[in-house]
Amino acid sequence: MSSSSSIRVRFAPSPTGMFHVGGARSALFNWVMAVQSGGTLVLRIEDTDASRNSPEWTEGIIRALAWLGIDGEQYEGPYFQSANADRHAEAVQTLKDAGRAYYCDCTREAVIARTGDQHKGYDGFCRDRGLEPGPGRALRFRTPDEGQTTVVDLLRGKPVFENAVLEDFVIARADGSVTFLLANVVDDMSQGITHVVRAEEHLSNAPKQQLLWEALGAEPPVWAHVAVVVNEKRQKLSKRRDKVALEDYQAEGYLADAMRNYLMLLGWAPSGDREIVPWDVIVEEFRIEDVNTSPAFFDEKKLRAFNGEYIRALPVEKFIAECLPFLERAPFDVDVAVFAELAPLAQTRVALLSEIVPMIDFVFLDEPPSDEQSWNKAMKGPAAEILAAAEAAYLDAPWHADELKDRLERIGAEHGLKLGKTQAPVRVAVTGRTVGLPLFESLEILGRDRTLARIATARARLAQQN
């Protein structure tokens, strides 16, 4: 890729009501290319489909990009494809006047009836009929009968397409609206786009669009068609089947930095045996030419592990700040000062920020949460004796974690139990669950009175059961 500052790359999403993680990856690839070259990222909203032209959806795109770090200062725009309708119409007229396009009234059924093949493309029936514009007549581009169209692709070399197999494709519908193929070309031309990075599903469109660029008297951009993103079954990610909305991951408590790092690794890898790397290293090392052409597996388990690493690397003050939006939505009041004491304990144990609420709820609820499975697992064997001994031992214990642990260890030794088994009934009595934050630090924060009250309540329940 050239380092010229004249490079202009574009990201052109369609409003769909959600921001696809595959689109997020494409946006990041384009952004990094622009940053590396000192060029410009152009944001264009493909809004000509009236059924998907919603201001709220467009705002969703802008918010999702901003969450990734691509805010309004990082791109030019947003431009709207619908605002370029006059230039689209001019291009249609130019191609028609030059004899590069003609009107056609063929229906798909008529084409199939003539060719006998429902999979075959348009047969050129109207090429020389000289039809004028009218109801039911679309405008088709006349592709060359001979020769080849070579697409120069930064990832795929120089794929060659035989012009003879390229059908005469529609560039304007019967109602006068232009198709994606022509609109994209005209918009790219008018906005000075030099590089286009997009999904490989558009590779088959590239020779058609390249012919349009040439017919309109302009040099086509540099292409890069990146492989699709797939699920664990190696199926292309689909919003109907898979969790693909970036907003959903944000709502679950994924950090933008973790998501950004992970998305950049879908098909590319930094130097060395490492994956979690600072963003400035990614910007320095990334080369679009090095992106793998094989489908990229979106592994949510791996992303979750990434997120946990990023959470643990946060300064504790930043971790607290990131947790606050989730705590504000908790079904109980959270004392932020108390949470600040819990935060270092929780930070090492959550992989998603949304996990923070059930991790610390026991401190802020009047009674510990009820989890029958945890209760049944822990409250058996010598549980009643352990709780009674713990209550007695904690009545006069200096209230700090080390002493609380030491006293419970001694109780366990009397019963021939290791600490893990000994602390289980105490943990469930106080926190409601068998797993959670470090127990003794939690007890220290919860306080003597509340700890003893919960142990007493658990003892009473056990006695009633027995």
Side-chain angles (χ1 to χ4, degrees), residues 1 7-14 16 18-34 36 41-44 46 61 68 119 121 143 148-163 165-167 169 179-185 187-188 193-213 220-246 260 262-269 282 286-299 303:
M1 186 181 72
I7 285 176
R8 290 173 62 82
V9 297
R10 55 98 162 147
F11 177 59
S14 299
T16 61
M18 61 90 183
F19 197 71
H20 196 290
V21 290
R25 179 186 68 154
S26 294
L28 290 170
F29 283 2
N30 280 286
W31 181 35
V32 173
M33 287 176 63
Q36 289 176 333
L41 173 66
V42 177
L43 174 61
R44 185 171 73 231
E46 308 279 8
I61 292 172
L68 288 172
H119 302 294
T143 59
Q148 300 172 324
T149 296
T150 300
V151 174
V152 179
D153 190 296
L154 293 174
L155 302 183
R156 301 167 188 277
K158 298 181 179 180
V160 175
F161 298 83
E162 297 294 333
N163 291 333
V165 301
L166 297 177
E167 68 174 349
F169 53 91
T179 62
F180 160 83
L181 291 172
L182 181 61
N184 257 31
V185 168
D187 293 345
D188 285 349
I193 302 302
T194 63
H195 291 68
V196 172
V197 180
R198 59 184 182 178
E200 67 177 327
E201 62 199 45
H202 292 295
L203 180 58
S204 61
N205 292 328
K208 300 175 183 179
Q209 292 184 297
Q210 196 155 299
L211 288 171
L212 287 172
W213 276 81
V222 176
W223 308 97
H225 291 88
V226 297
V228 297
V229 181
V230 297
N231 62 18
E232 69 279 359
K233 296 181 180 178
R234 297 308 187 264
Q235 301 166 316
K236 179 184 173 184
L237 282 187
S238 166
K239 65 180 181 181
R240 296 178 180 85
R241 179 184 57 239
D242 306 301
K243 188 170 74 176
V244 301
L246 190 72
R260 194 164 61 176
Y262 181 72
L263 289 176
M264 289 297 296
L265 300 186
L266 294 179
W268 175 81
I282 291 176
F286 177 79
R287 296 292 180 272
I288 190 67
E289 296 90 341
D290 296 335
V291 174
N292 200 305
T293 55
S294 299
F297 170 36
F298 188 92
D299 186 345
L303 171 61

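Everything numeric in this text was worked out from a predicted model, so none of it was measured. Residue indices begin at 1 and follow the sequence shown.
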Gap separating the CZ atom of Arg10 from the CG atom of Leu43, nearest 0.5 angstrom: 11.5 Å
For Arg198, what residues pass the side chain to side chain donor-acceptor pair (under 3.5 Å) criterion, not counting sequence neighbours? Gln209, His225
Quick check: closest heavy atoms across Asp153 and Pro159, and the distance to 0.1 Å? CB-CD, 4.3 Å
Using every non-hydrogen atom in the two residues, find where Phe11 and Ser26 come nearest and quote the distance to one decimal. CE1-CB, 4.2 Å
Taking all atoms of both residues into account, what is the closest heavy-atom pair of Phe161 and Leu203, and its distance? CZ-O, 4.0 Å
The reported gap from CG in Leu263 to CD1 in Ile282 (rounded to nearest 0.5 angstrom) is 10.0 Å
Spacing of CG belonging to Asn292 relative to CG belonging to Leu265, to within rounding of 0.5 Å: 12.5 Å
So Leu68 and Trp31, do their side chains get closer than 4.5 Å, heavy atoms only? no
Given side chains that start at C-beta, do those of His20 and Leu237 come closer than 4.5 Å, heavy atoms only? yes
Can you find a pair of side-chain heavy atoms, one from Ser238 and one from Asn231, that are under 4.5 Å apart? no
What pairs with Tyr262 under ring-ring contact (aromatic ring centres under 6.0 Å, His included), at least two apart in sequence or on another chain? Phe298, Phe306
Check the side chains of Thr143 and Asn163 for a donor-acceptor pair under 3.5 angstrom, ignoring hydrogens and angles. no
With sequence neighbours left out, the residues meeting salt bridge (charged side-chain N to carboxylate O under 4.0 Å, His left out) with Glu201 are Lys236
With rounding to the nearest 0.5 angstrom, report the NZ to CZ distance, Lys208 to Phe180. 11.0 Å
Reported CZ-to-NE2 distance for the pair Phe29 and His195, which is rounded to 0.5 angstrom: 15.5 Å
Worked check of side-chain contact (heavy atoms from CB on, under 4.5 Å) between Ile61 and Thr16: CA-CA 9 Å; Ile61 292 172; Thr16 61; over 6 Å; no
With Arg156, which residues qualify under salt bridge (charged side-chain N to carboxylate O under 4.0 Å, His left out), at least two apart? Glu200
Non-neighbouring partners of Asp187 that pass salt bridge (charged side-chain N to carboxylate O under 4.0 Å, His left out), sequence neighbours left out: Arg44
Return the minimal non-hydrogen interatomic distance between Ala206 and Trp223, and the atom names on each side. O-CZ2, 4.2 Å
Does any part of the side chain of Asn184, heavy atoms only, come nearer than 4.5 Å to the side chain of Glu46, both counted from C-beta? yes
Would Val291 and Phe286 satisfy side-chain contact (heavy atoms from CB on, under 4.5 Å), going step by step from the backbone distance to the final call? CA-CA 9 Å; Val291 174; Phe286 177 79; 3.7 Å; yes
Leu154 CG to Asp290 CG distance, which is reported to the nearest 0.5 Å: 10.5 Å
With heavy-atom distances below 4.5 Å as the criterion, would you say the side chains of Val197 and Val9 are in contact? no
Correct closest heavy-atom pair for Ser294 and Ala227 would be O-CB, 3.1 Å
Among all residues two or more places apart in sequence or in another chain, which pass the ring-ring contact (aromatic ring centres under 6.0 Å, His included) test with Phe169? Phe141
Quick one: closest heavy-atom pair of Gln210 and Thr150, and the distance? NE2-O, 2.6 Å
